[in-house]
Amino acid sequence: DSDSDTNQSGVGSGGNGGGFIQSAFINVSAGSYSSTITIGSGGTGGAGDASGSAGGNSVYNDGTISLTAKGGAGGVSESDKVAPDVARAPDTEANTVSNHTPTLNIGTNPAESGVIMESSGQSNRGSGGKGGNSFFGYGGRGGKAVQTSTGQYSGGTAVGFGAGGGGSATRGPVSGGSYPAGNGAGGLVIIYEYS
């Protein structure tokens, strides 16, 4: 987010946390067996007027069974706004499962929205949204823009695996490109083998 006027503010929502799938047993004993595992990358926080990018999907696919835990959607940016205003966090998304029934199937975890609020003297303060948590990580903290002529803080980077980055906040005039949102954390695939 960015702002061209002292009486304006900009905020970003946090990025959503990634989805989670816990699978039941998969029988791999019959004949030759192979599978493809993809670990999703973390999304990148936006800078300036740009919204964040989505995290990559984490996928298990053996040619018959396919499990896709969705990456969290990137945070949404709102720039050059006057209070009250909101950068609404993205909607959640469902995972994709084929030919299998997981024991747990939980879609992407919503982040917090970014909020622009009015303080005394009709000054605008911004609060970036916290990133969405995941089963294996915590979302980055949201940035804060305080009541000064130029107050701004970047969003925090996610911790662990699969969580979303925090949204940034600015109070103008300032270029939001110098205060980007936090990055999301990459995904994780854990496989237990029994014999």
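Values reported hereafter were calculated over all heavy atoms of this structure, with side chains retained and with hydrogens, waters and symmetry mates removed.
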- Message: Please find the pair of heavy atoms, one from L67 and one from S23, that lie closest to each other, and give the distance.
- Response: CD1-CB, 3.9 Å
- Item | The single option from I65, D62, T64 passing side-chain contact (heavy atoms from CB on, under 4.5 Å) against S35 | D62
- Query: Going by atom types alone, do S79 and D49 pair a side-chain donor with an acceptor below 3.5 Å?
  - Reply: yes
- List the atom of A185, the atom of A158, and the distance in Å for their closest heavy-atom pair. N-CB, 3.7 Å
- Note on the structure: Separation between CG (N57) and OG (S41), nearest 0.5 Å, reads 9.5 Å
- Message: Just verifying a value: how many Å separate N61 CG and I37 CD1, rounded to the nearest 0.5 Å?
- Response: 8.5 Å
- Query: Under a 4.5 Å side-chain heavy-atom rule over Ile, Leu, Val, Met, Phe, Trp and Tyr, are L104 and V59 clustered together?
  - Reply: no
- Verify, without hydrogens or angle tests, whether S58 (side chain) and G40 (backbone) share a donor-acceptor contact under 3.5 angstrom. yes
- Query: Using 4.0 Å as the upper bound for N to carboxylate O, is an ion pair formed by R88 and D91?
  - Reply: yes
- Query: Within the distance-only criterion (no hydrogens, no angle test), does the side chain of T103 pair as donor or acceptor with the backbone N or O of Q22 below 3.5 angstrom?
  - Reply: yes
- First locate atom CD1 of I106, then atom OG of S134, and finally report the distance between them rounded to the nearest 0.5 Å. 11.0 Å
- Could you tell me whether a side-chain N or O of N16 sits under 3.5 Å from a main-chain N or O of P90, the two making a donor and an acceptor? yes
- Looking only at heavy atoms, the pair that brings A73 and A54 closest together is CA-CB, 4.0 Å
- Backbone of T108 reached by a side-chain donor or acceptor of T92 within 3.5 Å: no
- Would a 4.5 Å heavy-atom cut-off, applied to side chains only, mark F136 and I190 as touching? yes
- Query: Strictly by modelled atom types, are N95 and N105 linked by a side-chain donor-acceptor pair under 3.5 Å?
  - Reply: yes
- Task: Drop me the distance from S13's OG to K130's NZ, to the nearest 0.5 angstrom.
- Result: 12.5 Å
- Backbone of S77 reached by a side-chain donor or acceptor of S51 within 3.5 Å: yes
- Item | Parallel, tilted or perpendicular: rings of F20 and F135 (30°, 60°) | parallel
- Message: Could you report the tightest heavy-atom contact between A169 and G128, atom names first, then the distance?
- Response: CB-N, 3.8 Å
- Query: Any sub-3.5 Å donor-acceptor pair from N133's side-chain atoms to G139's backbone N or O?
  - Reply: yes
- Note on the structure: Correct closest heavy-atom pair for A111 and G15 would be CB-O, 3.4 Å
- Indicate whether any N or O donor in one side chain lies under 3.5 Å from an N or O acceptor in the other, for S127 and K144. yes
- Item | Nearest-0.5 Å distance that lies between atom NZ in K81 and atom OG1 in T170 | 12.5 Å
- In Å, rounded to the nearest 0.5 Å, how long is the span from CD of E93 to CG of N109? 12.5 Å
- Check: Y60 and I26 side chains under 4.5 Å, non-hydrogen atoms: yes
